[in-house]
Amino acid sequence: MARYNAKTVEEKWQKIWAEGRVFEARPDQKGPKYYVLEMFPYPSGRIHMGHVRNYTLGDVVARYKRAKGFNVLHPMGWDAFGLPAENAAFKNKVHPAKWTHENISVMRGQLKRMGFAFDWSREFATCDPEYYGQQQALFLDFFEAGLAYKKEAWVNWDPVEHTVLANEQVINGCGWRSGVPVERRKLAHWFFKITDFSEQLLNGLDKLDRWPAKVRLMQENWIGRSEGARVNFSLKGRDDHLEIFTTRPDTLFGASFCALSADHPLSEQLARENPDLAAFLKECRKLGTSAEAIEKAEKIGFDTNLKALSPVGDGRELPVYVANFVLMEYGTGAIFGCPGHDQRDLEFARKYNLPVPPVVLPEGEDAKTFEIGDEAYTGPGTMINSGFLNGLKDNEAVSKIIAFLEKEGAGKREITYRLRDWGVSRQRYWGCPIPFIHCPSCGSVPVPREDLPIRLPEDVEFDKPGNPLDHHPTWKHVTCPKCKGQAVRETDTLDTFVDSAWYFARFTAPAAKLPVDKTQANYWLPVDQYIGGIEHAILHLLYARFFTRVLKKLRLLDVDEPFTGLFTQGMVTHRTYRDEDGSWVLPANLKQLEDGSFVRADNGKKVKEGRYEKMSKSKNNVVDPSDIIDQYGADTARWFVISDSPPERDLLWTEAGIEGAWRFTRKVWRLVNRVRENLDRAPAKAGEKLESAEEDILRLTHKTIDGVSKDIEIFHFNKAVARIYEFVNGLTAAPATLQRSHGFREGVFTLVKMIGPMMPHLAEEAWQQLGHKTLLANEPWPEVDKHYLAVETITIAVQVMGKLRDTLETAPGTDQAELEKMALQSDKVQRAINGKDIKKVIVVPDKIVNIVIE
RNA sequence: GCCCCCGUGGCGGAAUUGGUAGACGCGCCAGACUCAAAAUCUGGUGGCCUUCGGGCCGUGUCUGUUCGAGUCAGACCGGGGGCACCA
């Protein structure tokens, strides 16, 4: 028997699959369609274990579904625009295109060595002009549909990256990549009108029952729907009024002040005549972006001396403040404060000595004595001190007050969302150019479609900060498509989240003349199973859902949701190690001493073990997939990443674990060879003993098929692996005579088929060694023969007072009286009863007998 | 602060609707093969006690519901994640 040589076997089958174009998807192939997609990678340089895990999970699904008779689409491409390419250009004087394409080439090679069943014929990169040209066409479609617009807006400016960040790219007031505090600037900026779809995006979540509940909840919170009312407050001595959004219009009688955002137009207007207020606004803006402010969060205000008139007809005048805790971006940028029933308003009122009238009385309290102390009362109750609302429940009061406001013309019912429009302009070179031209006489003019794609210029320098497109001597200077006068191109490029918001649709027809080929998209979409990291739970997934709805509106396809199934996998972690100097030590650079402790292999310094953390260069705890493939082969790596941990949890990478997977690889190979060596010998003669042993093998085989299939369907890959281990143990333990039996051969054939999705090269080689001429990749999944699932005996647990005392072997379906009799005959049970009176016997057929005594 | 998830052997993790806790793997121990090692195979492996029959304890802690709780309920402790002045 030849020792299993993973390298030659894996290369051999990868070549055969590629030459036979085995995994290329065509819509005319038979079977229901199944689109499985893993989040495409950013070409950062080399693949990491996170990629290996992600793409192995997807590949198991793709190969399994293929075997189950589905017409599977499983494509791969590159999310190729983005900042790191420009950083590399700046640092190493390499052109972003060159850097990106070299990385793609390396990573493609690494992925191919993993043996994933991708349809490589559909590969594209988002930096291909064919792709971003279509994206520019889509941008024009958005514009024509009123879904892309330009406005002056406060934007988050990253002073290090010299670019605008989306709200969601600002984390604790700092840029998500640069980590430095962002500044607020007013800039002309392109937006996509995602807010038009707030309601749809929220309601659509209900149908996504194959998404993790956690992700749906995160999206729900992100969209942030609130029901309430828009209320007008007249301003004493002025013609204008304040518009305020509130979710608690029932507490209007409890209002004791109004507060404006520092960015509210009225605040700015007042500040022009009031230098103190101007200084306060400046202070607020500074606070708004510093990390410190978030920690302290002291509520401060500035009294404008304006008085707002209570809109509920009680004639009260409320002071108007500008307050640091009011956001311009949410609601109307102005609030009324009801300190009795809102904690933040209460803190504010206490600070500025404002009244705190209670208007909602909790159950069991007396209206005469009820007072608000240090905590606002936010629960339900009965209205008091509220004029015509008195005596109503708070929710009844909401309807009544809204009806009142509507009648008075002082307000109306309103629903608001936290979700903001998506700012997509980036001051960057390495992104999709926005197809607009700015003409001094015609304004912003769309680029005619026949001029697409607008290609990025190749001759660019990265010697100074800012956007190279802006510095380019010729690229931006063009004639206006309308008046033919001198004009300039838009030099901003699109946020890279735009690139990934529709790539899954492009995969269905990557060479289509339109952005999306409707026939192909309607055939393949939606993606049946999408797999990726939880870090994209909000942004990417929400943008893709938005794009899909727009594509439908543009009549480019007919589906609402892009991904009907979503799976989010956990991180790949590894133990961390530090030496005496505190520097992180690479796992590959460890040497274990006799006593079990570690030292550095290079300089012998003592090393301390740390905790398991996500593999990262900074912690120096990475294991390079290529090293693992070199040492053990792709199949072993694939097997290990799906074997121990459930895929949604973090995977602990261990050297012992990968060794164990490698041992299993060889064990399967030995088992296959045992059958192969006996193939040309006649099957063993069926004696009585052999017959029953053979039956046992067949029963185990079919039980395993049943279990493994079910486990794969629900992503319990680690359990499928455990079942396969048990199966292999069962087969290995079979006596030599049995190994020539038909049943045993059947068992090993089945084993080979079942490891196909997980260790495809080994399985394919074994299939051939076992005398088959077909490709295993084209073989159907084994069928369960229900006959073998029937059990002859089952084990019944017998408890006395809930404690296990004995077990009984019996046929399934044995009746209760019989079970009780059998249980009482047991010596062990009698000993436990110890002569006491039996109060009750509980019998659950096929499960348990529990005897209750005095 | 609010919301969500998770706590099971030395480790990763199993355990349909409440019904034999610890499947399977790793590690460890013992044995077989070998001059030896590697590889492989076999057996054992939650803790404590044991007259070797077995007994007691045990799923973060404490209460409760139940004939019966890892599973359900309440309170708490610990770990992880998300959101965060959202009116």
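Note: hydrogens, waters and symmetry copies are ignored here, and every other heavy atom, side chains too, is used.
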Approximate separation, where rounding is to 0.5 Å, of A:Ile842 CD1 and A:Ile851 CD1: 10.0 Å

Atom pair distance, as rounded to whole Å: NZ in A:Lys719 and P in B:G22: 16 Å

Ring centers of A:Phe715, A:Phe717 separated by less than 6.0 Å: yes

Touch class at under 4.0 angstrom, heavy-atom based, for A:Leu217 against every strand present: sugar-phosphate

Pair A:Tyr321 + A:Phe348: ring centers closer than 6.0 Å: yes

Sugar-phosphate, base or nothing in reach of A:Arg663, heavy atoms under 4.0 Å: sugar-phosphate

Distance test, side-chain N/O of A:Arg418 to OP1/OP2 of B:A84, below 4.0 Å: yes

Assigned partner base of B:G43, Watson-Crick or wobble definition, under 3.5 Å: B:C29

A:Arg344 vs B:C86: side-chain N/O to OP1/OP2 distance below 4.0 Å: yes

Candidates B:C85, B:C41, B:G19 - which lies nearest the side chain of A:Arg670: B:C41

Partner nucleotide of B:A87 by Watson-Crick or wobble geometry (both distances under 3.5 Å): none

Short side-chain N/O contact from A:Tyr725 to OP1 or OP2 of B:G25, under 4.0 Å: no

Integer angstrom distance from the P of B:C72 to that of B:C28: 36 Å

Sugar-phosphate only, base, or nothing, as touched by A:Val326 at under 4.0 Å among non-hydrogen atoms: base

N/O donor-acceptor pair, side chain A:Lys803 with base B:U20, under 3.5 angstrom: no

Separation between the C1' atoms of B:G47 and B:A21, rounded to whole Å: 14 Å

Closest to the A:Arg831 side chain, choosing from B:G53, B:C67, B:A87: B:G53

Distance in angstrom units between A:Met801 CE and B:C67 C1', rounded: 8 Å

A:Trp222, nearest nucleotide to its side chain (from B:C24, B:A14, B:A84): B:A84

Rounded distance in Å - CG (A:Leu819) to C1' (B:G19): 13 Å

Minimum-distance nucleotide to A:Thr795 side chain [options: B:C24, B:U20, B:C41]: B:U20

Verdict with supporting geometry, A:Asp696 and A:Arg699, salt bridge (Lys or Arg N to Asp or Glu O under 4.0 Å): CA-CA 5 Å; A:Asp696 287 345; A:Arg699 260 198 295 278; 2.7 Å; yes

Distance between C1' atoms of B:A73 and B:C24 (Å, rounded): 33 Å

Under 4.0 angstrom between A:Asn718 side-chain N/O and B:A14 OP1 or OP2: yes

Value in whole Å for how far the P atom of B:A23 lies from CG of A:Asp644: 14 Å

Partner nucleotide of B:C48 by Watson-Crick or wobble geometry (both distances under 3.5 Å): B:G55

Between the protein and nucleotides 58-62 of chain B, list every N/O to N/O distance that falls short of 3.5 Å.
none

B:G55 OP1/OP2 closer than 4.0 Å to side-chain N/O of A:Arg805: yes

Phosphate contact (B:U20 OP1 or OP2) by A:Asn850 side-chain N/O below 4.0 Å: no

Candidates B:G54, B:C67, B:U20 - which lies nearest the side chain of A:Lys828: B:G54

Phosphate OP1/OP2 of B:U40: any A:Arg666 side-chain N/O under 4.0 Å: yes

Glycosidic class, syn or anti, of B:G82 using a 90° window around 0: anti

B:A30 to B:A23 separation - C1' atoms, rounded to the nearest Å: 24 Å

